[in-house]
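Letters A, B, ... are given to chains in the order of the sequence lines, protein chains preceding strands, and every chain is numbered from 1. For the numbers below, each heavy atom of this structure counts, side chains included, while hydrogens, waters and symmetry mates do not.
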2 protein chains.
Amino acid sequence: MVSSKDVAKFAGVSQSTVSRVLNNPRLVDAKTFEKVTKAMKELNYRPNSIARSLVKQQTQSIALISGPLHNPFFVETTTSIVNYSKERGYNVNVHFENFGDNMAVYQDVLNQKVDGIILSSILYEDPIYEELIKSEVPFIMFNRKHKKNGHYVEMDNVQAGRIATEHLLSLNHRKIVWIGGPLSMTTFKGRFDGFKEVMLEKGIEVSDHNCKTTDTSKSDIKKVLQEVLAVKERPTAIFAATDSIAIYLIDLLIEKGYRVPDDISVIGVDNIALSQHNSFQLTTVGMEEEKDLGRIAIEHLIEIINEAPADFINKTYKNKLYNRSTTKKI
Amino acid sequence: MVSSKDVAKFAGVSQSTVSRVLNNPRLVDAKTFEKVTKAMKELNYRPNSIARSLVKQQTQSIALISGPLHNPFFVETTTSIVNYSKERGYNVNVHFENFGDNMAVYQDVLNQKVDGIILSSILYEDPIYEELIKSEVPFIMFNRKHKKNGHYVEMDNVQAGRIATEHLLSLNHRKIVWIGGPLSMTTFKGRFDGFKEVMLEKGIEVSDHNCKTTDTSKSDIKKVLQEVLAVKERPTAIFAATDSIAIYLIDLLIEKGYRVPDDISVIGVDNIALSQHNSFQLTTVGMEEEKDLGRIAIEHLIEIINEAPADFINKTYKNKLYNRSTTKKI
DNA sequence: TTCTTTTATGAATACGTATTCATAAAAGAC
DNA sequence: GTCTTTTATGAATACGTATTCATAAAAGAA
C-alpha cells in the first residue's frame, strides 16, 4: 500500500505538498507539481479514500434500502439511483428489504458510515423512524412513507386507486377483486382506500371476498388467485395493486387458460417501463411525471445532504390512466 | 458525533477500555463492562466504521460491477450477491456497466477502498485487467472472463451454443438465425462459436445473414429482428444468445402477430428464473448446477479475500437443455 | 536599498479507532 | 509471609489523509 508519505519521500517533498497537489494544485509551484505527479504515476499511487473520509467527515456514499428486484418497479428505481448517484460523485451501498427482519438491515446501514440514506422499505408505523432520526443521517423515503413525515416522495396512492377502480366500473365491471400487499405499507393502504371509496360510492360492498392481501411473493399470489377463481361467481376484473402483481397474475391466468382481457380484465398501478413492451400491453395507472420516484428521491437526497433544508420535502405526484389492452368492456 | 473518547469520559475510563468492550470484552472487568455499555447506550454511541476501517485496513465492503438490470440474469445475480454478502458481513457497492465508457466505472471502483471486486462486465481483451491486477485488490469475474485468466466462474458457453443449436436441428429447423451481443464478450463469443461449429458440422453455412449481433438494447434488437423477418425466406427458428434477448424477441414477435412456436421457434440461454413462470415457458439452455453464477462467484470471492489462494479459481459449469414450450418440430 | 506582501513549503495536528506496551493491583503458589 | 503469575487498565502510537500554522524565500513597493 503506497501512501502519500511514500510519494512525498520519492519526490523529495513533504506529505502536505502531496496532499496539496491533489486538493489545491494552485498552491503548489509548477515545477513541484510536475515532480509529485510523476512520483504518483511512478508508484501507482491511489489516495486512500478511507483516510480521506475520516478527516473530511464524509464518505461520498449513500445507502439504498430497496424493495426486492423481482418487482420491476425496484429495478427501475435502483438503476436510476445508482446511475444518478454516480454522476454526482456518490457510491451506492445497496441493501434489500428483508420481510423477516428489517431491523437487522437498518442496523447494518446505520453501522456503516454514509452521507445519506434512501429507502423504499419503511412501514407506516415503523419504529425504525426514530432510529433514523437519532442517527442524524439525512434520509429520504420514496414510494412509501411514514406517519411521522420526514422527507418523502410518493405517488398519490389513493387517487391511483380511485382512477383504476373508476376505469373498471366505467367498463361495466361490478365483480372486481382487489389483490395487493400488506396494508402496513402506505402504497397498498392508499391504493386500497381509493378502491374502497369508489366502490362504496357506487354502492358496492367491499369485504374479505373482494379484497385480498398477499405478502407479494409469487407463491402467495398464486394461492390467492386460486381462491378468487374458485368462487362460483368469479370476478370479471382484477385490480392488482402493483404492475408487478398484475403481470404475474396475467401469466398465471394465461397458464390456466383464461384470456386477458376477454375472460377477465386486469389493471395494475405503477406504469413500470416493462408494462409498455411486453407480449401484452398492461393497462395501468401511473404518474403524470415521467421521472421515476427513485430518480426524484435521489436528486432530493443529494440536495438535502448539501444544503440541509429547514423543512421536510414532501411530494405527492398525481396520476393518470394508461389505457392499454388488458381491460375490456363487458 | 459521539466518539469512543466521549464514551470513555462519560464512563470514567480510558478510550482503550471502550475499544476493548467492543472488540475484546473478556479483557475487561464485568463491572467496567457494565459501566461502559451503559454509557454507550446513554450517548447513543455508534463506532465509526471509517476509523475502524482505517486502522484495520479493511472495509468489509465489496464492489459489484454488474451488467444492466433490464437483463433479468443480472437481477438474479445482483440479488444473490447482495444478500449473501450481507450474510457474511460485507456491504456491497453496486455499479453498472457503462457501454460508453467503462473505464470511468472502473476508476471509480478503484478509487474507493474495497476488500474485493466482483464483476461481470469485463471484455475478453480488456485493458482494465492490468489495472485490476496492479491495484492488488482481489477480484473475481462471473459470467464473462478475460483472456489472461484471473479468478472466474462461467458456464460452458460453447457447449451451451452447441446444445441449443443441436436442439433446433433435431426439430428439423435449418433456417436458423443467431441473435446475440458483441463478440468481445466471452458469453456471446462462446455461444456463437458453439452455434457455428454445429451448423458447419451439419453443412450449413454461417454468415452475416444468419448471425446478428446487437448492442443488447431493445431498440437494436428490434431493428435486427426487422431485418431478419424482412428476408424472403424468413427463418423458422431463432437462437437468442440470452434469455433476456429471447424474451424480448418473443414479445416483439407476438406484437407483430407471429405465434411462438407455431410460426417460429425461439430458444434462449441462461435459464433465468423468469423463463419458468412467464405467460410463455421459454425453452432454454442453462447450467446443471442450481446456484446462480453470482452466488457462486461471491462465495469464492469472500473465500479469496480471507485465504488468498495461490492458484486462480477457474470454474466452467456444464449445461443442459431445459425443453419447454417455445420451440417446436417442423 | 529597506520594508511589505505574496508564494511555496514543511511541521504539527486532527479525524476515531485498534492495538501494543507498560504498570499497578489482585490473585495464586509456596 | 514472599515471590510469581494473572488480570485490568491507561498511555502512547499507528492507520493515511487534509488542513492550520509557522516560516523562509521570492517578489513587489517605496
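Taking atom CG on B/D29 and atom P on D/dG10, their separation rounds to 11 Å, with Å as the unit. Atoms CZ (B/R52) and P (D/dA14) sit 21 Å apart, rounded to a whole Å. Between A/N24 atom CG and D/dT17 atom C1' the separation is 14 Å, expressed in whole Å. The nearest whole Å value for the distance from the CD atom in B/Q60 to the P atom in C/dA18 is 12 Å. C/dA14 atom P lies 15 Å from atom CD of A/Q15, rounded to whole Å. In this structure, CD of B/Q58 is placed 16 Å from P of D/dC15, rounded to the nearest angstrom. Remark: P of C/dT17 and CG of A/N111 are 12 Å apart, rounded to the nearest angstrom. Counting to the nearest Å, the P atom of D/dT17 and the CG atom of A/L22 are 9 Å from each other.
Closest non-hydrogen pair, B/I81 versus B/V92, comes out as O-CG2, 4.1 Å.
No hydrogens or angles were tested; on distance alone, nothing pairs the side chain of B/S16 with the base of C/dA18 as donor and acceptor under 3.5 Å. With hydrogens and angles ignored, a donor-acceptor pair closer than 3.5 Å exists between the side chain of B/R20 and the base of D/dG10.
In this structure, the nucleotide among D/dT9, C/dG16, D/dT17 sitting nearest to the side chain of A/N48 is D/dT17. In the set D/dA8, D/dA18, C/dT9, D/dA8 carries the atom at the smallest distance from any side-chain atom of B/T32. Nearest nucleotide to the side chain of A/V55, out of D/dT17, C/dG16, C/dA8: D/dT17. Distances were taken from every side-chain heavy atom of A/K5 (C-beta onward) to each of D/dT20, C/dA18, D/dT17; the shortest belongs to D/dT17. Comparing D/dA8, C/dT20, C/dG16 by their closest approach to the side chain of A/L54 singles out C/dG16. Residue B/S3 has its side chain nearest to C/dG16 when only C/dT9, D/dA8, C/dG16 are considered. In this structure, of D/dT9, C/dA18, C/dT9, it is C/dT9 that holds the atom nearest to the side chain of A/V28. In the set D/dA18, C/dG10, D/dG10, D/dA18 carries the atom at the smallest distance from any side-chain atom of A/N23. Comparing D/dT9, D/dA18, C/dC15 by their nearest atom to the side chain of B/T17 picks out D/dT9.
Between B/M185 and B/S121 there is no side-chain heavy-atom pair separated by less than 4.5 Å.
In terms of position on DNA chain D, the residue among B/F33 and A/K56 whose nearest nucleotide sits closer to the 5' end is B/F33.
Nucleic acid contact class of B/V13 (heavy atoms, under 4.0 Å, all strands): sugar-phosphate only.
Taking 4.0 Å as the cut-off between side-chain N and carboxylate O, B/R295 and B/E290 do not count as a salt-bridged pair. A/R46 and B/E131 are joined by a salt bridge, as a carboxylate oxygen and a charged side-chain nitrogen come within less than 4.0 angstrom of each other.
Between A/Y124 and A/H146, the ring-plane angle classifies as tilted under the 30° and 60° cut-offs.
A/Q57 has a side-chain polar atom (N or O) that falls below the 4.0 Å cut-off from OP1 or OP2 of C/dG16. Note on A/S4: a side-chain N or O is less than 4.0 Å away from OP1 or OP2 of D/dT17.
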>> Evaluate B/K148 against B/E130 for salt bridge (Lys or Arg N to Asp or Glu O under 4.0 Å), listing each step before the verdict.
In response: CA-CA 9 Å; B/K148 289 259 187 77; B/E130 311 296 343; 2.4 Å; yes
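With a 3.5 Å ceiling on both atom-pair distances, the Watson-Crick or G-U wobble partner of C/dA22 is D/dT9. Using N1 to N3 plus N6-O4 or O6-N4 for Watson-Crick, or N1-O2 and O6-N3 for G-U wobble, each under 3.5 Å, D/dA29 pairs with C/dT2.
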